[in-house]
Amino acid sequence: MKPFCALSLSGGLDSAVLCALLLEQHRTGSVVPVFFRYGSKHNPREEEAARAVAAHYGLDLTLVDLSPVFSHVKSALLAGDERPIPHTNYDAASMASTVVPGRNLIFAAVLASLAESGGMRHIALATHAGDHHLYPDCRPAFNTALAATVRESSDGSLSVLTPFNAMAKADIVAQGLRLKVPFALTRSCYEADALACGRCGTCRERLEAFACNGVEDPAEYAG
């Protein structure tokens with residue numbers, strides 16, 4: 001099938017659900033999942049998850065190494081930064097150190113280049129409402145500006161898909177349950193250990209989202 005969209009597939013819950021949704025909505029086309037190596041502490045675990053999710057859907061994962069770029073960026077999320085990952089609730093005050101400046105901007109630029117050169121019509125990002133207060137490049141204003149920029153840069157041939165823009169994490173989990181997404185294969189934790197910690201902000205947000213849907217998260221957690 002001809003690919004119609006380049007998707008940033010992080011191996012996390014949100015992008016896995018978006019992958020399933022795109023495949024459902026465009027049954028006659030295929031998705032090109034792209035994984036970015038950018039040097040985060042949990043990046044190797046994310047890659048394992050992204051490979052597993054792509055394989056589940058019969059897709060070939062495209063790997064893009066941006067580690068040299070992000071080696072110059074400061075964030076507690078990155079391997080070169082000695083600051084610990086906050087083990088607190090997912091709020092702006094406690095999680096501010098995990099912001100990776102320009103991450104989605106850079107990812108989107110690469111996706112747009114790959115999509116345009118590959119004759120695709122869209123790029124897709126799984127940004128959602130739960131990230132708006134913390135990450136500037138996940139907010140509606142950013143996505144609107146990004147869509148205009150990508151459209152202009154591609155001479156009108158590309159659009160940006162961000163269908164989860166107004167959705168909470170619990171709503172995305174609900175969508176994934178409907179689509180039978182293999183949540184056990186996904187990885188959300190910011191720590192580098194083999195099993196998700198269950199204590200960092202993104203683990204807490206994920207567990208809460210499943211609880212809101214009255215189901216247990218099938219992913220394994222330490223402890």
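Computation of the quantities below employed the complete heavy-atom set of this structure, encompassing side-chain atoms and omitting hydrogens, waters and symmetry-equivalent molecules.
- A distance of 9.0 Å separates OG in S159 from CZ in R151, rounded to the nearest 0.5 Å.
- Side-chain contact between E116 and S157: present, with at least one pair of heavy atoms (C-beta onward) separated by less than 4.5 Å.
- Distance check, rounded to the nearest 0.5 Å: CZ of R187 to CD of E220 gives 11.0 Å.
- Checking side-chain atoms of N43 against main-chain N and O of Y38 turns up a donor-acceptor pair under 3.5 Å.
- V31 places none of its side-chain heavy atoms less than 4.5 Å from the side chain of Y57.
- Side-chain contact check for V34 versus F107: every heavy-atom pair is 4.5 Å or farther apart.
- With salt bridges taken as basic N to acidic carboxylate O contacts below 4.0 Å, one links R51 and E47.
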Can L177 and F183 be said to form a side chain to side chain contact (heavy atoms under 4.5 Å, CB included), step by step? CA-CA 9 Å; L177 292 170; F183 285 126; 4.0 Å; yes
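- Side-chain N or O atoms of N104 include one that pairs as donor or acceptor with a backbone N or O of D137 at under 3.5 Å.
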List the steps and the verdict of side chain to side chain contact (heavy atoms under 4.5 Å, CB included) for E24 and Q175. CA-CA 12 Å; E24 178 191 56; Q175 186 80 275; 5.6 Å; no
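- Taking the side chain as every heavy atom from C-beta outward, V32 and L114 never approach each other to under 4.5 Å.
- In terms of heavy atoms, C212 sits closest to A170 at CB-CB, 3.8 Å.
- Here the closest heavy-atom approach between residue G12 and residue S10 is recorded as N-OG, 3.0 Å.
- Looking at every heavy atom in both residues, V173 comes nearest to L13 through CG2-CD1, 3.7 Å.
- Looking at heavy atoms from C-beta onward, V53 lies out of side-chain contact with P33 at the 4.5 angstrom threshold.
- Taking the six-membered ring for Trp and thresholds of 30 and 60 degrees, H26 and H122 have ring planes inclined between 30 and 60 degrees apart.
- Judged by distance alone, the side chains of T127 and N143 do bring a donor and an acceptor atom under 3.5 Å apart.
- Annotation: side chain of V64 is in contact with side chain of F36 (closest heavy-atom distance under 4.5 Å).
- Here the shortest heavy-atom pairing between S8 and L125 reads CB-CD2, 3.9 Å.
- Summarising the geometry, atom OG1 belonging to T202 is positioned 10.5 Å from atom CD1 belonging to I85; distances are rounded to the nearest 0.5 Å.
- Counting only distance, with no hydrogens or angles, the side chain of R204 and the backbone of H87 share a donor-acceptor pair below 3.5 Å.
- Note that CE of M120 and OG of S154 are 12.5 Å apart. Values are rounded to the nearest 0.5 Å.
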Could you walk me through whether L23 and L59 satisfy the side chain to side chain contact (heavy atoms under 4.5 Å, CB included) test, starting with their C-alpha distance in whole Å, then the side-chain angles of each, then the deciding distance to 0.1 Å, before giving a yes or no? CA-CA 11 Å; L23 292 171; L59 303 171; 4.2 Å; yes
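- With hydrogens and angles disregarded, a donor-acceptor distance shorter than 3.5 Å links the side chain of K41 to the backbone of A76.
- The pair D14-K169 meets the salt-bridge criterion, with a side-chain N (NZ, NE, NH1 or NH2) lying under 4.0 Å from an Asp/Glu carboxylate O.
- Closest heavy-atom contact between A196 and C203: CB-SG, 4.0 Å.
- Judged by distance alone, with hydrogens and angles left aside, the side-chain atoms of S113 form no donor-acceptor pair with the main-chain N or O of V110 at under 3.5 Å.
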Side chain to side chain contact (heavy atoms under 4.5 Å, CB included) between F35 and L63, worked out: CA-CA 5 Å; F35 179 81; L63 300 174; 3.9 Å; yes
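- The minimum heavy-atom distance between C138 and N165, with the atom names listed, is O-OD1, 4.0 Å.
- With rounding to the nearest 0.5 Å, the separation of CD1 in I172 from CG in L179 is 12.0 Å.
- Between F4 and T28, the closest side-chain pair of non-hydrogen atoms is not below 4.5 Å.
- Remark: the S40 side chain and the Y190 side chain contain no N/O donor-acceptor pair separated by less than 3.5 Å.
- Here the straight-line distance linking atom CG of L78 with atom NE2 of H42 works out to 9.5 Å at 0.5 Å rounding.
- Using a 4.5 Å heavy-atom threshold, the side chains of Y135 and T98 count as touching.
- A distance-only check finds no donor-acceptor pair linking the side chain of N213 to the backbone of V215 [under 3.5 Å].
- Side chain of R45 to main chain of A192: a donor-acceptor pair is present (N/O by atom type, distance under 3.5 Å, no hydrogens or angles).
- With 3.5 Å as the limit, one finds a donor-acceptor pair spanning the side chains of S188 and R206.
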